[in-house]
Amino acid sequence: MEISHILESLNPAQREAVTAPLGPLRVLAGAGSGKTRVLAQRIAWLLAVENASPWSILAVTFTNKAAAEMRGRIEALLDIPIRKLWIGTFHGIAHRLLRLHWQEAKLPQGFQILDADDQQRLVKRMIRDLNLDDKKWPPPQATWFINARKDEGLHPHQIHAQDDPAQRQLLRIYQSYQEHCERTGLVDFGELLLRSYELLRDDPTLLRHYRERFLHVLVDEFQDTNTIQYNWVRLLTGGQGDVFIVGDDDQSIYGWRGARIENIHRFSEDFPGARTVRLEQNYRSTGAILEAANAVIANNLERLGKTLWTEDSAGDPIAVYAAFNEYDEARFVMERIRHWLEQGGKRSEVGILYRSNAQSRVLEETLLGARIPYRVYGGLRFFERAEIKDALAYLRLLANRDDDPSFERAVNMPPRGIGERTLESLRILARESKLSLWRAAQGVIGSGHIAARAGLALHGFLTLIDTLERDTKELSLPALVDEVLKRSGLLDLYGKEKSDKGEMRVENLQELVNAAATPAAAPVAQADEEEPMNELAAFLAHAALEAGEGQASAWEDCVQLMTLHSAKGLEFPMVFIVGVEEGLFPHQQSMREPKRLEEERRLAYVGITRARRQLFLSHAEKRRLHGREIYPKPSRFLAEIPVKLTRDVRTRTTVHFTQPRRPGSVESEAGVALYPGQRVRHRSFGEGIVQTVEGQGAHARVQVRFAKAGAKWLILSYANLEPI
DNA sequence: TCTCTTACGTTTTTT
DNA sequence: ACGTAAGAGA
């Protein structure tokens, strides 16, 4: 294996990390410092120089995208088959372990994965089953509680009964939810991790086997690990051996969903002899952008410390725009993009980042009006669409009749006369006899417990599923899916919907058949030594673990709109961060607590470091939020950027305005020219200087910096400004 | 049982 | 402002 070409392109710190002697190593990789590259090359190094067997390598990421990218990079570096490498997400790998060792994990062979939506529905049902008021015990909150406990590695029996009655009640909900999942073979995302942790913890033979096998463990984005993931890594590696972790504590932005920034801090204590390498040279951004990022993040106290530098020139200053309102802000963004495109820039080189999704609407409207194609990240993903989940519910019932959430979804979709009444008596029956809804339904037919008509409908449903299974035994997966779509009546149901929405749904359902035909349905490549998973089971697991892309037109040349969170890991030559205002960013609910504020600041750091060449920050003086007008102050993060790095932008236009028309008066053509720099007088604000002039006619407005009152935006036709 | 209306609560999101 | 979710009428 030719290795010198791999090393030549690395800087000293990167090379130190890639070629480090075996043992615990922590790589603190700043934004844009070549993190993914180092990770991939380390694996290449292990294989080529340390003579590691592909068999002995386990590489863990957080997202499927990152796993795919890593696999791609390694494939590009080496021309050996990497099928035997385990590269995957925490959840994907945990799932794989559980499928391989379902017996040891005390799971039924056909266990199903519960996605967030299914989980919430089930929790809600548990709350009702416990005769609790779901107003007082909101299902999202209870679900949150359950997931938080699982993220901490706690099953119900490990939680000590608290004196707090609310906690006790939540614990009861957790308990009954957990029992139900165990009984019906359902595993939620948190359970995947927790179960596979317990599997290794409680089975010394298995643990020894995997410890001896995975001699090289690599973990990406370590700052995002939660307690159970951290403990899982510790358990698997025994706190020693060749553990290579990469992360950046300054980019930890998922504390709110259980990520523990301490994990990357305490690595050196829990893994004795661990060394730390810092990657601080940035290859992405201009000097000004980096300096701004450094200055902002320096205000955080809880840091391992790291200062990014670059050989690049300072570049353009960071542009700060004080907008009149969110529409003005959007227009500013749009005009700058237009300018960029006129200069030959590509649309896909532009990223617009915001703190919360609600901010995208005005931006979208404006881009739509300007005919600039854009793509919004996030939102509903393919496997989360209602019609897809309907179809999957049938497939899941075929795989596991005890899957209650799927039963509830499919039983009256399309409507077949099985309503809330019938379902409720089924639920009661199921609860009392500790059966799944399916079994309860089998028992209830003809028993007189429910109305004859409903009984008939129910019988029809059970027969449908049973005959579907019988008739499709020999079919390929896509043919099976196709058959399910037709015989369930879902295709007819959506086909009859007149709107284009129905048409879209039919298309999506057909796309599901295509998805079933794509063999990529293995989250972690199947290694040859294992028995291949049942095709349907693998497809269902794929659907749950990898929800698919948000929007289809990923390849078109589009401006990219997304939240700051989803921008992590991406970069754009031109970046706008909009709504940089107190209350929005930092968000209202994170402003009080210092810890949460620091996370907001890290989010700002992530946002700033997404930019390669040009960075625009904007804030509005007036904003409509939840139907209310607010007058937010510019964000403190703006003030944390040294003034010398920024430039205030204002639109350079001059407009003529006419004095307000008096009723009945003849329209006067004699306008007064206002231009930036013009001195004016206002009745109550006094004297000031025009900063920015925008818009035409009645919509024209000016920003004036008054000597006493400060900067104000004024509508020209109301302000009665008098030029001096 | 289905459809229409009203009330409510609004960060961030992956698996 | 806006979407969802629960309750009342057809």
Side-chain angles (χ1 to χ4, degrees), chain A residues 60-67 88-95 113-121 124 134-135 138-141 144 147 150-151 187-194 196 221 224-226 228-229 252-259 326 353-362 365 377-381 383-384 386 412-424 451 453-454 457 523-524 541-548 550 562-569 579 583-591 596 599-600 602-604 606-607 623-629:
Chain A
V60 195
T61 63
F62 274 83
T63 64
N64 292 298
K65 204 172 139 202
T89 62
F90 272 105
H91 291 86
I93 285 165
H95 172 245
I113 301 169
L114 218 49
D115 74 11
D117 187 56
D118 298 332
Q119 186 190 26
Q120 185 129 299
R121 284 165 196 268
K124 185 173 174 181
D134 58 7
K135 286 260 159 41
Q141 225 169 287
W144 179 273
N147 289 335
K150 290 196 178 188
D151 284 348
V187 173
D188 60 47
F189 288 130
E191 188 72 13
L192 282 173
L193 299 173
L194 185 44
S196 83
E221 304 276 20
D224 287 338
T225 52
N226 62 29
I228 190 68
Q229 287 160 335
S252 161
I253 54 175
Y254 287 111
W256 51 274
R257 67 174 198 216
E326 67 269 33
L353 315 182
Y354 35 81
R355 176 69 236 265
S356 64
N357 283 310
Q359 289 169 258
S360 78
R361 212 194 79 237
V362 175
E365 279 172 18
Y377 275 68
L380 257 204
R381 315 239 290 283
F383 286 109
E384 287 168 1
N412 203 32
M413 194 66 186
R416 39 172 82 85
I418 302 166
E420 200 46 43
R421 252 313 255 279
T422 316
L423 212 48
E424 193 51 39
R453 207 162 128 182
V524 176
H542 168 78
L545 288 173
E546 198 168 342
M562 67 193 80
T563 62
L564 286 151
H565 281 89
S566 36
K568 195 169 81 152
L584 202 59
F585 187 32
H587 196 274
Q588 193 71 45
Q589 277 148 272
S590 303
M591 283 175 26
R596 301 181 70 182
E599 184 153 307
E600 294 282 313
R602 291 194 291 269
L603 197 53
V606 167
R623 183 179 295 275
R624 191 166 267 281
L625 196 67
H626 311 317
R628 263 210 170 76
E629 304 252 272

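Here is how names work: the chains are called A, B, and so on, in the same order as the sequence lines, proteins then strands, and each is numbered from 1.
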- When you compare dA5(C) with dT12(B), how far apart are their P atoms, in angstrom units rounded to a whole number? 16 Å
- Would you confirm whether the ring centroid of Y254(A) sits within less than 6.0 angstrom of the ring centroid of H565(A)? yes
- Residue whose nearest DNA chain B nucleotide is more 5′ - A116(A) or I253(A): I253(A)
- Message: For chain A and DNA chain B, what are the first and last nucleotides along the strand, 5' to 3', with at least one atom under 4.0 angstrom from a heavy atom of the protein chain?
- Response: dT1(B) to dT15(B)
- Looking only at heavy atoms, which two atoms of I113(A) and H95(A) are closest? And how far apart? CD1-CD2, 3.6 Å
- First locate atom CG of L114(A), then atom CD of Q120(A), and finally report the distance between them rounded to the nearest 0.5 Å. 11.0 Å
- With a 4.0 Å cut-off on heavy atoms, is N412(A) in touch with a base, just the backbone sugar-phosphate, or nothing at all? sugar-phosphate
- Task: Quick one: label R416(A) by what it contacts on the DNA or RNA (base, sugar-phosphate, nothing), any heavy atom closer than 4.0 Å.
- Result: nothing
- Task: Nearest 0.5 Å please: distance from the CD1 atom of I228(A) over to the OG atom of S196(A).
- Result: 7.5 Å
- Item | Side-chain donor-acceptor contact under 3.5 Å, N147(A) with Q119(A) | yes
- Centres of the W256(A) and H587(A) rings: under 6.0 Å? no
- Presence of salt bridge, R596(A) and E599(A), under 4.0 angstrom: no
- Query: What nucleic acid atoms does N357(A) come within less than 4.0 Å of, heavy atoms only: base, sugar-phosphate, or nothing?
  - Reply: sugar-phosphate
- Under 4.0 Å protein heavy-atom contact, by nucleotide of nucleotides 1-10 of chain C - B base, S sugar-phosphate only: B----SS---
- Task: Using a strict 4.0 Å threshold on nitrogen-to-oxygen distance, state whether E326(A) and R623(A) make a salt bridge.
- Result: no
- Item | Position toward the 5' end of DNA chain B (nearest nucleotide), G417(A) or S356(A) | G417(A)
